[in-house]
**Student:** 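To start, I am sharing the structure in question, which I have written as structure tokens.
No hydrogens, no waters, no symmetry mates; every other heavy atom, side chains included, goes into these values.
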Amino acid sequence: MGTSNSSHRDPNAWVSAAYEMFEEGGVSAVRVDPLAKRLGITRGSFYWHFKNRAALLRALLDRWVEGETEGVIETNEQGGGTASDRLRRLLRTCASEDGRLEMSVREWAAGDADARETVRRVDETRIAYMAELSREAGTPKRDAKARARIAYVAWLGLYTGIAPTTADQRITDMDQLHRMMLSP
């Protein structure tokens, strides 16, 4: 049955390998045969853990939500500080990424209902969190959600490549966005 390494037979190993393949080449790169080859085991192991490729892709989306939203929020909150500090840190964290993963998920969502619904929920969660921090930092409630939405769109816009930036420029832009979100 291939390698005797039992961790490769674990569903998490399949999801981790799928996530790596997704990061490298988008959803079309996530295929059972190449995954099995990467893991050094037969494709039969895949069907032991997953009903089909769609089930693996669902697990991949769940991993993305956990890592790129829930985990980021949790880590940001654990960092402490004022709401303004946490908002600035969040924006800087987002700007530290090159955006390939984020844009790949959104590209996938353009043609897949499950991915689209997941992205919609993630967007709502992220915007709500930013709005909460903004309100806690003193932005009037009536303005906080709109500012958070605009900031979120601006952050995503950094990844489009329309106005190419360096990592340092993204950080500078996010610092400016932070000031704009909290200005009276």
Side-chain angles (χ1 to χ4, degrees), residues 11-12 15-16 18-20 22-24 26-27 57-184:
N12 289 322
V15 175
S16 294
Y19 204 81
E20 289 173 10
F22 178 75
E23 289 180 312
E24 294 164 6
V27 72
L57 293 179
R58 177 69 253 167
L60 184 86
L61 281 171
D62 292 343
R63 171 82 52 98
W64 176 72
V65 171
E66 290 166 11
E68 300 299 318
T69 299
E70 295 167 358
V72 169
I73 291 171
E74 183 179 325
T75 299
N76 195 52
E77 285 299 304
Q78 289 173 351
T82 66
S84 177
D85 294 338
R86 294 190 324 268
L87 180 59
R88 183 171 187 257
R89 185 173 49 244
L90 175 69
L91 292 169
R92 285 177 151 238
T93 297
C94 294
S96 69
E97 300 287 327
D98 66 11
R100 286 181 293 176
L101 178 61
E102 188 72 27
M103 298 316 290
S104 289
V105 171
R106 289 171 185 285
E107 182 180 315
W108 174 13
D112 181 272
D114 190 33
R116 187 171 33 260
E117 177 58 21
T118 300
V119 167
R120 185 196 63 74
R121 285 192 319 268
V122 161
D123 289 347
E124 285 180 2
T125 298
R126 291 171 174 177
I127 291 168
Y129 178 60
M130 291 172 67
E132 175 187 323
L133 292 175
S134 185
R135 277 193 307 273
E136 191 179 323
T139 301
K141 185 176 182 175
R142 69 181 184 281
D143 297 335
K145 187 163 186 176
R147 289 182 186 191
R149 190 178 309 106
I150 291 166
Y152 188 69
V153 169
W155 163 66
L156 289 175
L158 288 174
Y159 296 153
T160 63
I162 293 170
T165 60
T166 64
D168 288 341
Q169 183 61 52
R170 288 193 305 269
I171 296 291
T172 301
D173 290 347
M174 290 296 104
D175 286 346
Q176 179 63 32
L177 188 58
H178 171 256
R179 286 188 292 277
M180 291 167 54
M181 283 185 71
L182 300 182
S183 68

**Student:** What pairs with Arg179 under side-chain hydrogen bond (donor to acceptor under 3.5 Å, both in side chains), at least two apart in sequence or on another chain?
**Tutor:**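 Counting only residues at least two positions away or on another chain, Arg179 forms a side-chain hydrogen bond (donor to acceptor under 3.5 Å, both in side chains) with Gln176.
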
**Student:** Just jot down the salt bridge (charged side-chain N to carboxylate O under 4.0 Å, His left out) partners of Arg170, sequence neighbours excluded, or say none.
**Tutor:**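 None.
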
**Student:** I'd like to check the side-chain contact (heavy atoms from CB on, under 4.5 Å) partners of Glu97; sequence neighbours left out, ordered by chain and number.
**Tutor:**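 side-chain contact (heavy atoms from CB on, under 4.5 Å) list for Glu97, sorted by chain: Tyr159.
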
**Student:** Would you give the length of the straight line joining atom CD1 of Ile73 to atom OG1 of Thr93, rounded to the nearest 0.5 angstrom?
**Tutor:**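 Taking CD1 in Ile73 and OG1 in Thr93, the distance rounds to 11.5 Å.
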
**Student:** If you look only at pairs with a residue in residues 137-146, which of them pass as a side-chain hydrogen bond (donor to acceptor under 3.5 Å, both in side chains), with sequence neighbours excluded?
**Tutor:**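 Checked against side-chain hydrogen bond (donor to acceptor under 3.5 Å, both in side chains) - neighbours excluded - the pairs reaching residues 137-146 are Ser134-Thr139.
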
**Student:** With rounding to the nearest 0.5 angstrom, report the CG to CG distance, Leu61 to Asp112.
**Tutor:**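 Taking CG in Leu61 and CG in Asp112, the distance rounds to 7.0 Å.
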
**Student:** Only counting residues at least two apart or in another chain, list the ones meeting ring-ring contact (aromatic ring centres under 6.0 Å, His included) with Phe22.
**Tutor:**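 Counting only residues at least two positions away or on another chain, Phe22 forms a ring-ring contact (aromatic ring centres under 6.0 Å, His included) with Trp108.
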
**Student:** Once side-chain hydrogen bond (donor to acceptor under 3.5 Å, both in side chains) is applied, do any residues pair with Arg92, and if so which ones, sequence neighbours excluded?
**Tutor:**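 Counting only residues at least two positions away or on another chain, Arg92 forms a side-chain hydrogen bond (donor to acceptor under 3.5 Å, both in side chains) with Asp175.
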
**Student:** Does Tyr152 have any ring-ring contact (aromatic ring centres under 6.0 Å, His included) partners at least two apart in sequence or in another chain, and if so, which?
**Tutor:**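 Tyr152 satisfies ring-ring contact (aromatic ring centres under 6.0 Å, His included) with Trp155 once adjacent residues are dropped.
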
**Student:** Would a distance-only check, ignoring hydrogens and angles, find a side-chain to backbone donor-acceptor pair under 3.5 Å from Thr75 to Val72?
**Tutor:**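 No.
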
**Student:** Looking only at non-hydrogen atoms, find the nearest pair between Gly79 and Arg89 and report the distance.
**Tutor:**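 Looking at all heavy atoms of both residues, the shortest contact is C-NH2, 3.4 Å.
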
**Student:** Taking the side chain as every heavy atom from C-beta outward, state whether Leu60 and Trp64 have any pair of such atoms under 4.5 Å apart.
**Tutor:**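 No, side chains not in contact.
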
**Student:** Not counting sequence neighbours, which residues clear salt bridge (charged side-chain N to carboxylate O under 4.0 Å, His left out) with Arg100? List them please.
**Tutor:**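 With sequence neighbours excluded, Arg100 shows a salt bridge (charged side-chain N to carboxylate O under 4.0 Å, His left out) to Asp98, given in chain and number order.
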
**Student:** Mind checking what makes side-chain contact (heavy atoms from CB on, under 4.5 Å) contact with Glu136, not counting sequence neighbours?
**Tutor:**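 Glu136: side-chain contact (heavy atoms from CB on, under 4.5 Å) contacts with Ala83, Arg86.
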
**Student:** Suppose we screen for side-chain contact (heavy atoms from CB on, under 4.5 Å). Which residues come up paired with Val65, at least two apart in sequence or across chains?
**Tutor:**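 Glu70, Thr118, Val122.
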
**Student:** List in chain and number order the residues that pass side-chain hydrogen bond (donor to acceptor under 3.5 Å, both in side chains) with Thr82, two or more places apart in sequence or in another chain; answer none if no residue qualifies.
**Tutor:**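 Only Asp85 meet the side-chain hydrogen bond (donor to acceptor under 3.5 Å, both in side chains) criterion with Thr82.
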
**Student:** List in chain and number order the residues that pass side-chain hydrogen bond (donor to acceptor under 3.5 Å, both in side chains) with Glu132, two or more places apart in sequence or in another chain; answer none if no residue qualifies.
**Tutor:**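 If we apply the side-chain hydrogen bond (donor to acceptor under 3.5 Å, both in side chains) test to Glu132, skipping adjacent residues, there are no hits.
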
